[in-house]
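Notes to accompany the following structure.
Here is how names work: the chains are called A, B, and so on, in the same order as the sequence lines, proteins then strands, and each is numbered from 1. Excluded from the calculations below are hydrogen atoms, water molecules and symmetry mates; all remaining heavy atoms, backbone and side chain alike, are included.
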Amino acid sequence: MTRKISRRTMLAGTAAGAAAAAFKFPTPAIAQNAPFKLGLLTVKTGPLAQGGIQMEQGIVTYLKEKNYTFAGRKVDFISADSGGNPAGAKTKAQELIERDKVDSIVGPLAAFELLAITDYIAQQKTPLLSLAAAEDMTQRRPNPYFVRASATSSQAMHPMADYAAKELKLKNVITISEDFAFGYEQMGGFQQTFEENGGKILKKLWPPIVTPDYTPYLAQIADCDGVCQGFAGSNPLRFMKQYVAAGLKYPVVSGETGGDDALMHSFGDEAIGMYSCCPYTLDLQNESNKRFVAAMQKDYKVDPGFYAAGLYINGMVVEAALEKTGGKSDNKEELIKAMRSVSLTDTPRGPVKFDHFGNVIGNFYVRKVEKANGKMMNKTVKTYENVSQFWNYDEKKFLSQPVYSRDYPPLKS
Amino acid sequence: MTTRSIALVVALGLLIAVPYWMPGVYYVNVASQILLYAIFALGLNILAGYAGLVSLGHAGLFGIAAYVASYSLQHGFGHGASIIFAIAIGMLSMALFALLSLRSSGIGFIMITLALGQILWGLAYRWISITGGDNGINVPNRPELFGFSLADANTFYYVTMVIFLICIGMVAIFTRSPLGAALMGTRDQPRRMNALGYHVWAIRFWACMFSGLLTAISGILFVYYTQFISPQTLALTASAEVLLMVIAGGAGTLFGPVVGAILVVVVKSVVSGFIERWNMLLGFIFVAIVIFMPEGLVPGTTRLWRLAFSRQAKRTAGVTEAAP
Amino acid sequence: MSFYLVLTVNSITFGGLLFLLSSGFSLIFGLMRIPNLTHGSLFMLGAYVGATFVVGMLGAKMNFWLAALLATIAIALTGAFIERFLLRRLPGNELAQVLVTLGLSFIAADFSLMVWGGDPLTVATPEGLEGFARMGSLVFALYRLAIIVIAAVVAIALWLLLERTRLGAMIRAGVDDPEMARVVGIRVSQLFTIVFALGAGLAGFAGIIGAPILSVYPGLDQDMLPLALVVVILGGSGSLLGSFVGSIVIGFIYNFGQALLPELAYFVLFLPMLLVLLLRPQGLFGRHVP
């Protein structure tokens, strides 16, 4: 028996179709045709905007290169500004997940923003890729939906300490870094490895995050053979200027933010000779980095650094994961599993793979600042390969010691 | 029924129906945020608006309540106990604040509260053993009330709404009470009040305690909403922000702080999704308010409304205005 | 021994910078009773505008001192505009003044991000002052020593303005008794605009002068405003001497406090500020209780 479509049902059907088109009823993302929604949680206002803007540039560069298409699926990119505070990060994370229904989030920038949203992210099962360095996110309080392709706070400092002890032959170092967790964790990592290689930390100085004039601290730097600094944001600039203006000449070693390539154009001669260890380095000669740097210079007229590269690589990881799942993203457990099992060889930072906590194992580059064509540039002097967040320590032993803090490791003197 | 009571009934209706007309769970959450900041602003308004004592350190007190609640939760105390501790210690801190700050008024009061707020902020950063420093303290669960879990956005909203209505009711009663009238007297004519035999200091002190209660309540709601507390919440910018809510909405009015909270939270949370330079937009809105309605949005719109209506009344009553 | 010497010299030089930063605020607050919460933003804008000229973003690189002059004028004009069109409508309305000055600081912060981006700007130390003064084994950066000189020159210039010119006499009359000043025929409104412009100009000047040491970055406004407030409170407002001595005192507290009591580094300025407010609310040299 043929079914006759009555005028009523046809009108109803048309009306329903029109309504669906007008109101966009949510459709489950089962079809490959539904776009993959990628959210960016960054900071575009206030003092942290420096890194936040670079983060957006990095991910947009990758999306543009891939024509906003990952594994055959269109990518919907939504950017959110958290304002650089934890409540804002939580609100924006909620906006991305509850209102925009993103499949995955890249960001946030700061450790305290990440800590504010980690429980929420795990509860919502939204894979999150961040470059916030808070150690315990992949150590003592791991989040199963978290992936970090950049580094933990100390991951770059272990090789820096190794280099300082073995190549620079430093023996007595004074550390100086901002008085907050990122500072403690960096300096703690440096201290542990440096002391194991025969070095000694004489003093640990902790200026508050807002310190316009470092002189009260610089005046305490004496009778050593090197200084290790871990400043972030725009502080490294001010610090080095004031360091040299105070007449100090000891070699300076620093971490991933201290000698960031994106900051180099602001530095003057005071930076010459400064060492830093970073998971990314501008002069890495591989295909993807050449593409990445060229695109950043063309679109934004800047040299990329740690923040932009970090987000570009996050984009690569998300795409690789989608390729593994055949473009599917509705099963969150599958998606995060795919992300953590990604192993890439050609990224702007070189090879990338993840340990079972979701933290990267990759290369770390020691660079030295040189002057070339009147500008400051980092020149890579040594590459440490296959560096994990545990350096060459036994994982269990490392996790049984307390997280690096202001007083851990304790000063031997 | 007057226009005012009609408007109030409509507002109340909208408030109760929020989960139904808001387009999504995200917006219900924004509504919860607005209400908790409104309570914070109401608390500050008791001092800044009704007492004429502008505080630039209120985020410190807000933070104390939040930290006490999360610290006790972290150490195994139940929700009920943690809330009681937070209110108690919050009000005790306010008492201390008041003892120190009430020695001056005017700019002196602003500066003392600013200094106290900054000191509390520094303590939050440095007293790592208690506050966790900038890693903050996580609050993993929200409480349950009569079998309903506040982890659900709608439930949290309703609880917040009820608390908000109670608080705004308390403020309404306070301002219409003799104590409230006396407080406004000390704002407008402190010397005369003194001469009349009113104990100005004591009146201001009790106003501070009331403000402290409201601030503590909002701090507790905040920490249950965000489920995280860290030193940023006590920063000078946070104190400035709540003060701006009060002033922009209308200091010394009942609904001014609420309107101010709506303005700031909506721009920060919702408009920021559409406009990248939302900070600048907020600044322009404040400047515009100062130019067109320097007394605040609520008194300003009431004034313009009356102006519009009185013109209309004059036109319709034109016949009676004929001869002197 | 040398440690204390270094700290002492730096206390004085940092104090000099603080004087430049706070003198504008003190002037405006002393005369107009306006807590100018835009002050930090004016400092930052002065630094950005000056840096733009020095670095050569608008053409050839400019001499530092010329750039500083232009930046000062630009910020002074901005101040005049703010006073004339915004603050003048709000006499005595403290709350509205707070609202508008904070609103303006939001606008300035985002404006700076829009124009100069998020990256910090360095300003090279002006030519001739890049070197060091040596005293035995100790070195002192010449530019830092120059700042004391600049601060002293500005202080003397302001003193001459206030004590030896008609304008200064009018300003002092306005500080002491605005109503009487009006009665006597002083154009107080015009005076206010001039004073606000002067205060703003001083802030902008301080910004660019400080730039070779502090650099210029988003958030500079929020970092410097509390310092200005602390100096004004400690020294007392409306008093030039108070501002100068207060600045040096804060310089000492800042340097020695942070070096000797690192545990209290976050409180090293606000605890003394609180004490002064409680014990001597008019500040060390202020003339009236605020």
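For the atom pair OG1 (A:Thr211) and CG (C:Asp223), the distance works out to 9.0 Å, reported to the nearest 0.5 Å. One distance of note links CE of A:Met264 with CG of C:Asp119; it measures 12.0 Å at 0.5 Å rounding. The CG atom of C:Leu113 lies 5.5 Å from the CD1 atom of A:Ile53; values are rounded to the nearest 0.5 Å. Separating the OG1 atom in A:Thr215 from the CZ atom in C:Phe14 is a distance of 8.5 Å, to the nearest 0.5 Å. For the atom pair OG (C:Ser215) and CD (A:Gln242), the distance works out to 8.0 Å, reported to the nearest 0.5 Å.
In this structure, chain A has heavy atoms under 4.5 Å from both the backbone and the side chain of C:Ala265. Proximity to chain A involves both the backbone and the side chain of C:Pro212, based on heavy atoms less than 4.5 angstrom apart. Using a 4.5 Å cut-off between heavy atoms, C:Ile213 contacts chain A through both its backbone and its side chain. Proximity to chain A is absent for every atom of C:Val9, based on heavy atoms less than 4.5 angstrom apart. In this structure, chain A has a heavy atom under 4.5 Å from the side chain of C:Leu7, while its backbone stays farther away. Residue C:Leu142: no heavy atom, backbone or side chain, is found under 4.5 Å from chain A. For C:Arg134, no part sits under 4.5 Å from any heavy atom of chain A, backbone or side chain. At a 4.5 Å heavy-atom cutoff, the contact between C:Thr125 and chain A is made by backbone and side-chain atoms alike.
Contact tally against chain C (heavy-atom pairs below 4.5 Å) for A:Pro212, A:Pro207, A:Ala49: the top residue is A:Pro212. Each of A:Leu48, A:Leu237, A:Leu218 has some count of heavy-atom pairs under 4.5 Å with chain C, and the biggest count is that of A:Leu237. When each of A:Pro47, A:Ala222, A:Gly268 is checked for heavy-atom pairs under 4.5 Å with chain C, A:Pro47 comes out on top. Between chain C and the residues A:Leu263, A:Thr45, A:Asp269, A:Leu248, the most heavy-atom pairs under 4.5 angstrom are made by A:Thr45. With chain C as partner, the option from A:Gln54, A:Lys241, A:Glu270 having the largest number of non-hydrogen pairs under 4.5 angstrom is A:Lys241. Counting heavy-atom pairs closer than 4.5 Å to chain A, the top residue among C:Leu138, C:Val55, C:Val139, C:Asn10 is C:Asn10.
Counting heavy atoms of neighbouring residues, nucleotides and ligands inside a 6.0 Å radius, atom CZ of C:Phe3 exceeds 12 of them. Within 6.0 Å of OH in A:Tyr250 there are more than 12 heavy atoms belonging to other residues, nucleotides or ligands.
Inspection of the A:Tyr217 and C:Gln258 side chains reveals an N or O donor paired with an N or O acceptor under 3.5 Å.
Closest approach of A:Ala219 to C:Val6, counting heavy atoms only: CB-CG1, 4.0 Å. The minimum heavy-atom distance linking A:Gly247 with C:Phe132 is given by the pair N-CE2, 3.9 Å.
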Side chain to side chain contact (heavy atoms under 4.5 Å, CB included) between C:Tyr266 and A:Val210, worked out = CA-CA 9 Å; C:Tyr266 278 97; A:Val210 176; over 6 Å; no
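Between the C:Tyr254 side chain and the A:Pro216 main chain, no donor and acceptor come within less than 3.5 Å of each other. Listed for the A:Ser234 side chain is no donor-acceptor partner under 3.5 Å among the backbone atoms of C:Pro120.
Look at A:Lys44 and C:Asp110 and you find no salt bridge, because none of the NZ, NE, NH1 or NH2 atoms lies under 4.0 Å from a carboxylate O.
Residues C:Arg144 and A:Asp213 are in side-chain contact: their nearest non-hydrogen atoms beyond the backbone lie under 4.5 Å apart.
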